[in-house]
Visitor: 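Before we start, here is the structure in question, set down as structure tokens.
What you are looking at is a predicted structure, and each value in this text was computed from that prediction instead of being measured. All chains are named by letter (A, B, ...) in the order of the sequence lines, taking the proteins before the strands, and each is independently numbered beginning at 1.
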There are 2 protein chains.
Amino acid sequence: MAKETKNTLRDSVYSALKAMIVTGQIPPGSRVTENDIAARLTVSRTPVREAFNRLERDGLVTGRPRQGYVVTEFDINMFREAFEIRELLDGHATELAAAAATEADKARLRAMLAECERLAAIPERTNREKFQELEVGIDLHRVIAEISGNVMLHGMLCGILDKCQHYVWTELLWLDEWKIARDEHAEIVDAICAGDASRAGTLARAHVRGSRDNVLRLLQAKSDYRNFLAKAS
Amino acid sequence: MAKETKNTLRDSVYSALKAMIVTGQIPPGSRVTENDIAARLTVSRTPVREAFNRLERDGLVTGRPRQGYVVTEFDINMFREAFEIRELLDGHATELAAAAATEADKARLRAMLAECERLAAIPERTNREKFQELEVGIDLHRVIAEISGNVMLHGMLCGILDKCQHYVWTELLWLDEWKIARDEHAEIVDAICAGDASRAGTLARAHVRGSRDNVLRLLQAKSDYRNFLAKAS
DNA sequence: ACACTCAAAATTGTATACAAAATAGCATGC
DNA sequence: GCATGCTATTTTGTATACAATTTTGAGTGT
């Protein structure tokens, strides 16, 4: 997970809070107070405040003046927007990666695929192992963006993935389209290794659209269910 | 310029600092100390620190622990990256805008074009009026992104434009391709008003590539000149 | 003249104290 | 019983004090 402990408290608090949010330990919609976090991490409020500022800029929490911070809740529309952008950025990054990947890069991607396969092959695996597979699958996209060589593109894509990761986890965990994603990842990596930028990009865009459809279908079902309950009462 | 004075000091400081950086009052590469800014704005260091945190997240300043903040300096490569992303995002946003624009939106765009024309027609205009024209030209892209309806896309594009705006200003001010940009803007707005998403997107992408070429050519010339001087000494 | 060391100054990082505002709870009136 | 208004508590916003670290510069020795 690349859990780097920086030398300043502010960075530690930022990393810790971000991890708690991304992994869903602090669920979306929950109110978070400075004193609370400061006490939990045994630091003063100052570094906590600065961490909140950065998280707000990341879009992971939203804060209104004098009303504190709330872990950002995504609605269906925000997901639609995020995936729309991801299709553009991820597609382009994958094209670039196909043109720029060194042998070491290709080996790295193949290793991540193998790790996914290994985790998928475990019989009667627990949620922990499912989470791990999802995480490696998401990291694959981060690494591809890194290989693209466009640092800004990499940063922006990571930002979007961070914002969605928790939802992707908790939602997709119950879906059974895992093998599809694995196959698509394998195809993308293949195209990159073959240096076929055009094919890699097309595959990546289709993959993002597929993920979007899965997530949106689930969220829509949830929403419909809530409406049904509301009408019934 | 949409100069909104928020109710908290932190936001005011953030806006003020951002404006100073974006307009080049604080030139790129210059070191900025907390005490300095705090004194200039007659506030304590606390809100200044928080503003810095956000600006760092925006990429407008870069800070290393215990070494303070420096206004981010863009090199040629960062511009290449930024324009590469802008081509994707701006192109897509323009496509969306062509499909989503209401009559009020179209009127707004046409008004901005007219304002550009008016500023361009002023005889013997000063730098101030040139700046204004550039600013409206950049704002046009922000507004198009807003009309697209994708809030996240709008936010990301504004972030990129903010980072580049100062450079675009100071560099392009000396170029004479203004009429080209005006004509391209007019064509884009025409396509949007006609509801021709495909054409609007294509035009927008070509326009971004054109801007990129202009900026990169200037920066390259500068860089070559510096190298020439270095070799001569 | 140059390099090196050590101390002093400046600057950031953190904690805490105080002020302002919002929320919550209670009491009062209808 | 419910709504309304006030107070009390909680929580954020800002300022300031202190600690830690980096930078600067003077001074000394070679």
Visitor: Give me each pair satisfying ring-ring contact (aromatic ring centres under 6.0 Å, His included) with a member in residues 47-66 of chain B, each pair once, sequence neighbours excluded.
Guide: B/Phe52-B/Tyr69
Visitor: To the nearest Å, give me how far apart OH (A/Tyr69) and C1' (C/dA22) are.
Guide: 16 Å
Visitor: To the nearest Å, give me how far apart CD1 (A/Ile37) and C1' (D/dT11) are.
Guide: 14 Å
Visitor: With sequence neighbours left out, write down each residue that passes salt bridge (charged side-chain N to carboxylate O under 4.0 Å, His left out) with A/Arg66, or none if nothing qualifies.
Guide: none
Visitor: A side-chain contact here means heavy atoms from C-beta on lying under 4.5 Å apart; do B/Arg108 and B/Glu146 qualify?
Guide: yes
Visitor: Give me the ring orientation class for A/Phe79 and A/Phe74: parallel if the planes are under 30° apart, tilted from 30 to 60°, perpendicular past 60°.
Guide: perpendicular
Visitor: Should A/Lys106 and A/Glu103 count as an ion pair when the cut-off is N to O under 4.0 Å?
Guide: yes
Visitor: Starting at CG of B/Asp36 and ending at P of C/dA9, how long is that distance when rounded to a whole Å?
Guide: 20 Å
Visitor: How about B/Arg40: does its CZ atom have over 12 heavy atoms from other parts shown lying under 6.0 Å from it?
Guide: no
Visitor: How close or far is atom C1' of D/dG13 from atom OH of B/Tyr14, stated in whole angstroms?
Guide: 19 Å
Visitor: Can you give one letter per nucleotide of nucleotides 14-24 of chain D, going 5' to 3': B for a protein heavy atom under 4.0 Å from the base, S for sugar-phosphate only, - for none?
Guide: BBBB--BSSS-
